[in-house]
Amino acid sequence: MTTTGKRSWKPATQLVHSGTLRSQFGETSEAMYLTQGYVYGSAEEAEARFKGEEPGFIYSRYSNPTVDMFEKRMCALEGAEDARATASGMAAVTAAILCSLKAGDHIVAARALFGSCRWVVETLAPKYGIEATLVDGTQIGNWEKAIRPNTRLFFLESPTNPTLEVIDIAAVAKLADQAGARLVVDNVFATPLQQKPLELGAHIVVYSATKHIDGQGRCLGGVILSDKKWIDENLHDYFRHTGPSLSPFNAWTMLKGLETLPVRVRQQTESAARVADFLADHPKVGRTIYPGRADHPQADIVKRQMSGGSTLICFDLKAGKKAAFAFENALEVIRISNNLGDAKSLITHPATTTHKNLTDEARAELGIDPGTLRLSVGLEDADDLIEDIDAALRAAG
Ligand SMILES: *Cc1c(COP(=O)(O)O)cnc(C)c1O
């Protein structure tokens, strides 16, 4: 088997070809190796493979050819030395955090986090003696103030869920370096095409591949990318022995998703920009937060670190929860769902779904109001989306 790929290729080329392991049959499309294990030609071969003296696969909890293709293609896209694919985005986040730390260590994280990420930092990590401080990550001074002698990890997502705050990744990375800590960036909302955390100085990047990478609402998956040394020393044994591995079927689905990622993200971003402009001009809409607009609260940072405006929009209906529910219920094209990055446009009311477990105070801190809605723009025609939104706003009273 041979692996395809050149570092000089542009992203779209990487996403079609990189990492392909072609078998002796010369298949065009990547093969799905739906196998748990591998047979050896001889007892000597088995011994050599277990000793690491001969390359090859041993067991699919450790590695699998289809999963390997997905990891190599993600490395090519991200410019990372190595990667480990996981069964879900949360398996990636949890491994990236727990494998970096031990009892007595301290994390500083932005408080605007995907709900389960916040639970891992705030509730799970402390059970094992890892302390956490959550800060308003948009103010760089807050990160600096939170540093302690035992701070070993910084964690953030940008843009954040659901209010699309943008955090200065290069500035946080610099502080992490000064503190002798590592910065983990959850890059789901920006996608690997619109933001390159490793180039900005982050040490580890994580994805929920469930979102734009699959992009068609089918499989769960995740991936952790970093330098080879960190993965060898921190993730290698953890993956072998605890088993958060991605299934070959899901890896195959993600691989095929990667081929069309640039086309989908470009189209969805173009439509999102149009929808955001429509919302911002509408009298029933309060705030419209879209990283691609000049009136975004951190527009200067967006310009520095993102190459696209994202496929997500956050906006408030002035008339609050009742209007937000009436609006959602009147939509015909856009569906109500807490997922994102899908070909189908999806809308969610964070206060009653994804962020319902937070206290009123914590929600207010994050800027989540009763009238706040998060829209993930899909691949439908933007004219139809705007017509759907226009009609639903009229129905919302
Ligand atoms: C969805 C999501 C996750 C979790 O991913 P799963 O694949 O659902 O486990 C983590 N972080 C962010 C920002 C997400 O959007």
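Every number for a ligand or one of its atoms is a count from 1 in the order of the listing. Along the sequence shown, residues carry numbers from 1.
- Nearest protein neighbour of atom 8 (O) of ligand 1, counting heavy atoms only, is Ser208 OG, 4.2 Å.
- Cation-pi contact between Lys322 and Phe325: absent, since separation from the ring centre below 6.0 Å together with deviation from the ring axis within 45° is not met.
- With no hydrogens or angles considered, no side-chain donor-acceptor pair links Thr138 and Gln298 at under 3.5 Å.
- For atom 11 (N) of ligand 1, the closest non-hydrogen atom on the protein side is Asp186 OD2, 2.7 Å.
- Residues Lys284 and Phe327 have side chains not in contact (no heavy-atom distance under 4.5 Å, counting atoms from C-beta outward).
- Residue Ser88 has at least one heavy-atom neighbour below 4.0 Å for each of these atoms of ligand 1: 7 (O), 9 (O).
- Between Val135 and Lys145, every side-chain heavy-atom pair lies at or beyond the 4.5 Å cut-off.
- Residue Gly89 approaches ligand 1 through these ligand atoms, each under 4.0 Å from one of its heavy atoms: 5 (O), 6 (P), 7 (O), 9 (O).
- Ligand 1 places these atoms under 4.0 Å from at least one heavy atom of Thr210: 6 (P), 7 (O).
- Of all the listed residues (Lys211, Arg118, Met90), Lys211 holds the heavy atom that lies closest to atom 1 (C) of ligand 1.
- The protein heavy-atom contact nearest to atom 3 (C) of ligand 1 is Phe114 CE2, 3.4 Å.
- Between Tyr38 and Ser60 there is a side-chain heavy-atom pair separated by less than 4.5 Å.
- The NZ atom of Lys196 lies 12.0 Å from the CD1 atom of Ile169; values are rounded to the nearest 0.5 Å.
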